[in-house]
Amino acid sequence: MFDYLIVGAGFSGAVLAERIANELNKKVIIVDKRNHIGGNAYDYYNEYGILVHKYGPHWFHTNEKKVFDYLSQFTEWRYHYHIVKTYVDGSLLPIPINMDTINELYGMNLTSPKEVQAYFDSVKLDIKVPQNSEESVLSQVGEDLYNKFFKNYTLKQWEIHPKDLAASVTARIPTRVNRDNRYFTDKYQCMPKHGYTAMFNNILNNPNISILLNTDYKNIINEIPYKTMIYTGAIDSFFDYKFGKLPYRTLRFEHETLEKTFVQPVQQINYPNDYDFTRIVEWKHATGQQSNMTTITREFSELATDSSEKYYPIPREDNQRLFEKYRDEADKLESVIFCGRLADYKYYNMDQVVARALMIFDKKIKA
Ligand code: FAD
Ligand code: UDP
């Protein structure tokens, strides 16, 4: 008899399994339909020995000391600021948009944050409370920068006009008046020194935790005795899509390995206006791996079909309303705890997922 059956071995499932096994000394079985642990953060060494993230680039960043300290029990870190550039009008420019972006793009010579703010004030639209992703950008940097940096990237990534996407999507990217060229400004920015999969192996290394891979929980649910379920898969699938399907974006990757030490100046280059892919990642910049070969990965975004992997919930009002119908059903189930990016249908980052799993452990499980 297991105390908990956990569906999904990503951050949500693994953190809860660890907490229950370690702190409560209870028995857990964690089931994943994939052939590996780690969920979307899973990484592996490709045939050339380069460490690659299977489900797209995962750059760890957080302001939460609690999350950083918790994960630090299971990995050493490689401290590294995540740097992204974007290809606009034939140049590689800093994104988030900052003082250098403006100077390089327009051949200006702004030298103080005050001057940069004055420039943004002169071009931004007067929108007090942005209602969608287009308004969110226009209200900060105006039309030209919106058209060059955001509009087409967003169309490629979501196949939805920014006008029809929640403001929170493009609001993930700040605007800066200084020269800070880091993608994130969080206090802790780093990568697990030996990779995410190695960190997950450590999180789940506990005699109270059993792991069953290559298994859809629906196929074994009647054969494994357990008391409580923790579900981190897609919420609409749990309820057999009875209110309809929640849409997701999926990704297709094109990997290329070259006999060069590096081919890009930074770990990620975004292509808002050129090509069909959204971005190219060069892994070694972030992982710090030494090799005379390098692997780059081009990312193509598509609408998920029934058989695709689900990568991104799509933040729109109609989807949120459909999600809430499922959440109301979920709230009625006392013996199932729902948790994670797919179960909450939320565009969470890894640190938010870890923080939420720790909170659920404290408030719903331990209490
Ligand atoms: P998941 O990792 O999705 O895990 C859910 C698991 O449940 C999966 O392994 C799945 O196989 C399993 N499962 C589902 N249904 C079943 C079933 N029926 N039976 C058995 N198993 C099932 N966050 C950052 O902080 N920084 C980043 O740079 C970043 N980049 C990202 C890039 C991409 C392309 C994507 C898609 C996400 C990115 N994220 C990033 C977000 C990050 O991936 C998530 O926040 C985190 O991995 C979510 O963890 P989770 O455990 O909730 O879900
Ligand atoms: N975005 C954009 N241009 C960029 C980077 C981001 O338009 O160069 C928008 C786009 O809508 C994207 C969102 O901002 O989906 C969030 O970007 P982020 O880099 O956080 O996306 P993720 O890494 O989660 O795919």
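These values consider heavy atoms only, across backbone and side chains, with no hydrogens, waters or symmetry-generated copies. Just follow the structure's listing: the first ligand is 1, and inside any ligand the first atom is 1.
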Next on the checklist: Is there a salt bridge (charged side-chain N to carboxylate O under 4.0 Å, His left out) between D236 and K242? Walk through the geometry before answering.
Outcome noted: CA-CA 8 Å; D236 55 347; K242 67 178 182 180; over 6 Å; no
Item to check | Numbering as shown, the atoms of ligand 1 that approach V7 to under 4.0 Å (heavy-atom distance) | outcome: 16 (C), 17 (C), 19 (N), 20 (C), 21 (N), 22 (C)
Next on the checklist: Centre-to-centre under 6.0 Å for Y326 and F243, is that the case here?
Outcome noted: yes
Next on the checklist: Is there a polar contact, in the sense of an N or O pair closer than 3.5 Å, between Y311 and ligand 1?
Outcome noted: no
Checklist entry - Looking only at protein heavy atoms, which one is nearest to atom 19 (N) of ligand 1, and how far off is it? => result Y217 N, 3.2 Å
Checklist entry - Which one of T250, T232, D351 has a non-hydrogen atom at the shortest distance from atom 5 (C) of ligand 1? => result T232
Checklist entry - Between F338 and F238, does the ring centroid distance fall short of 6.0 Å? => result yes
Checklist entry - With ring centroids as reference points, do W77 and Y188 lie under 6.0 angstrom apart? => result no
Checklist entry - Taking the minimum heavy-atom distance to atom 14 (C) of ligand 1, which of A9, S301, A41, G233 ranks first? => result G233
Checklist outcome for this item: atom 52 (O) of ligand 1 has as its nearest protein heavy atom S12 OG, 2.8 Å
Next on the checklist: Less than 4.0 angstrom from a charged side-chain N to a carboxylate O is my criterion; do D32 and R34 meet it?
Outcome noted: no
Checklist outcome for this item: For G8, the atoms of ligand 1 under 4.0 Å from one of its heavy atoms are 6 (C), 7 (O), 12 (C)
Checklist outcome for this item: Partner of Y87 under side-chain contact (heavy atoms from CB on, under 4.5 Å), picked from D274, N273, L93, is D274
Checklist entry - What atoms of ligand 1 come within less than 4.0 Å of a heavy atom belonging to V31? => result 20 (C), 21 (N)
Next on the checklist: Does only the side chain of A343 get under 4.0 Å from ligand 1, or the backbone, or both, or neither? Count heavy atoms.
Outcome noted: neither
Item to check | Y348, any N or O under 3.5 Å of ligand 1 N or O | outcome: yes
Checklist outcome for this item: The answer for which part of Y55 has a heavy atom under 4.0 Å from ligand 1 is backbone
Checklist outcome for this item: Taking only non-hydrogen atoms of L251 and a 4.0 Å limit, the atoms of ligand 1 in range are 34 (C)
Checklist entry - Shortest non-hydrogen contact from W283 to H53? => result CZ3-CG, 3.3 Å
Checklist entry - Identify the closest protein heavy atom to atom 48 (C) of ligand 1: which residue and atom is it, and at what distance? => result V353 CG2, 3.8 Å
Item to check | Pair D240-K218, salt bridge (charged side-chain N to carboxylate O under 4.0 Å, His left out): steps then yes or no | outcome: CA-CA 11 Å; D240 296 322; K218 289 191 178 176; 2.9 Å; yes
Checklist entry - Is the closest heavy atom of T62 to ligand 1 under 4.0 Å? => result no
Checklist outcome for this item: Contacts of K66 meeting salt bridge (Lys or Arg N to Asp or Glu O under 4.0 Å) (sequence neighbours excluded), chain-then-number -> D362
Item to check | Test item: Y231 side-chain N/O and A234 main-chain N/O as donor-acceptor pair under 3.5 Å | outcome: yes
Checklist entry - Taking only heavy atoms of G340, which atoms of ligand 1 are found under 4.0 Å from at least one of them? => result 52 (O)
Checklist entry - Mind checking whether Y271 and F277 have ring centres under 6.0 Å apart? => result yes
Checklist entry - What is the nearest protein non-hydrogen atom to atom 30 (N) of ligand 1, stated with its residue, atom name and distance? => result P57 O, 2.8 Å
Next on the checklist: Within the supplied structure, the quantity of interest is the number of heavy atoms (other residues, nucleotides, ligands) at a distance under 6.0 Å from F262 CZ; does it exceed 12?
Outcome noted: yes
Next on the checklist: Determine whether D3 and K227 satisfy the following criterion, salt bridge (charged side-chain N to carboxylate O under 4.0 Å, His left out), listing intermediate values before the conclusion.
Outcome noted: CA-CA 5 Å; D3 296 292; K227 291 180 191 154; 3.1 Å; yes
Item to check | Heavy atom of protein inside 4.0 Å of atom 23 (N) of ligand 1, strictly below | outcome: yes
Checklist entry - Which of these, F184, W59, Y183, has its nearest heavy atom closest to atom 28 (O) of ligand 1? => result W59
Item to check | Nearest neighbour in protein (non-hydrogen) for atom 11 (O) of ligand 1 | outcome: D32 OD1, 2.7 Å
Checklist entry - Considering only the protein, which heavy-atom contact is closest to atom 20 (C) of ligand 1, and what is its distance? => result K33 N, 3.2 Å
Checklist outcome for this item: Distance filter under 4.0 Å, heavy atoms only, around ligand 2 gives I95, F149, F150, Y153, T154, Q157, W158, V169, T170, R172, I173, Y183, N270, R279, Y312, Y347
Checklist outcome for this item: Checking heavy atoms under 4.0 Å, the part of T215 that sits near ligand 1 is backbone
Checklist entry - With distance as the sole test, does Y345 use its side chain to make a donor-acceptor pair with the main-chain N or O of I314 at under 3.5 Å? => result yes
Next on the checklist: Please check this pair: side chain of Q140 against backbone of S136, looking for a donor-acceptor N/O pair closer than 3.5 Å.
Outcome noted: yes
Next on the checklist: So, regarding Y231 and ligand 1 (criterion: nitrogen or oxygen to nitrogen or oxygen, under 3.5 Å), is there a contact or not?
Outcome noted: no
Next on the checklist: If we ignore hydrogens and angles and just use 3.5 Å, is the side chain of S237 paired with the main-chain N or O of I235 as donor and acceptor?
Outcome noted: no
Item to check | Enumerated ligand 1 atoms positioned under 4.0 Å from heavy atoms of G39 | outcome: 2 (O), 4 (O), 9 (O)
Checklist outcome for this item: atom 25 (O) of ligand 1 sits nearest the protein heavy atom M350 N, 2.8 Å
Checklist entry - Charged N to carboxylate O below 4.0 Å: is that the case for D89 and K148? => result yes
Checklist entry - Is there a donor-acceptor pair under 3.5 Å between the side chain of E282 and the backbone N or O of Q264? => result yes
Next on the checklist: With a 4.0 Å cut-off on heavy atoms, is H58 in contact with ligand 1?
Outcome noted: yes
Checklist entry - Any Lys/Arg nitrogen of R298 or E256 sitting under 4.0 Å from an Asp/Glu carboxylate oxygen of the other? => result yes
Checklist entry - Any idea which protein heavy atom is nearest atom 35 (C) of ligand 1, and the distance to it? => result R341 NH2, 3.7 Å
Checklist outcome for this item: Taking only non-hydrogen atoms of L342 and a 4.0 Å limit, the atoms of ligand 1 in range are 3 (O)
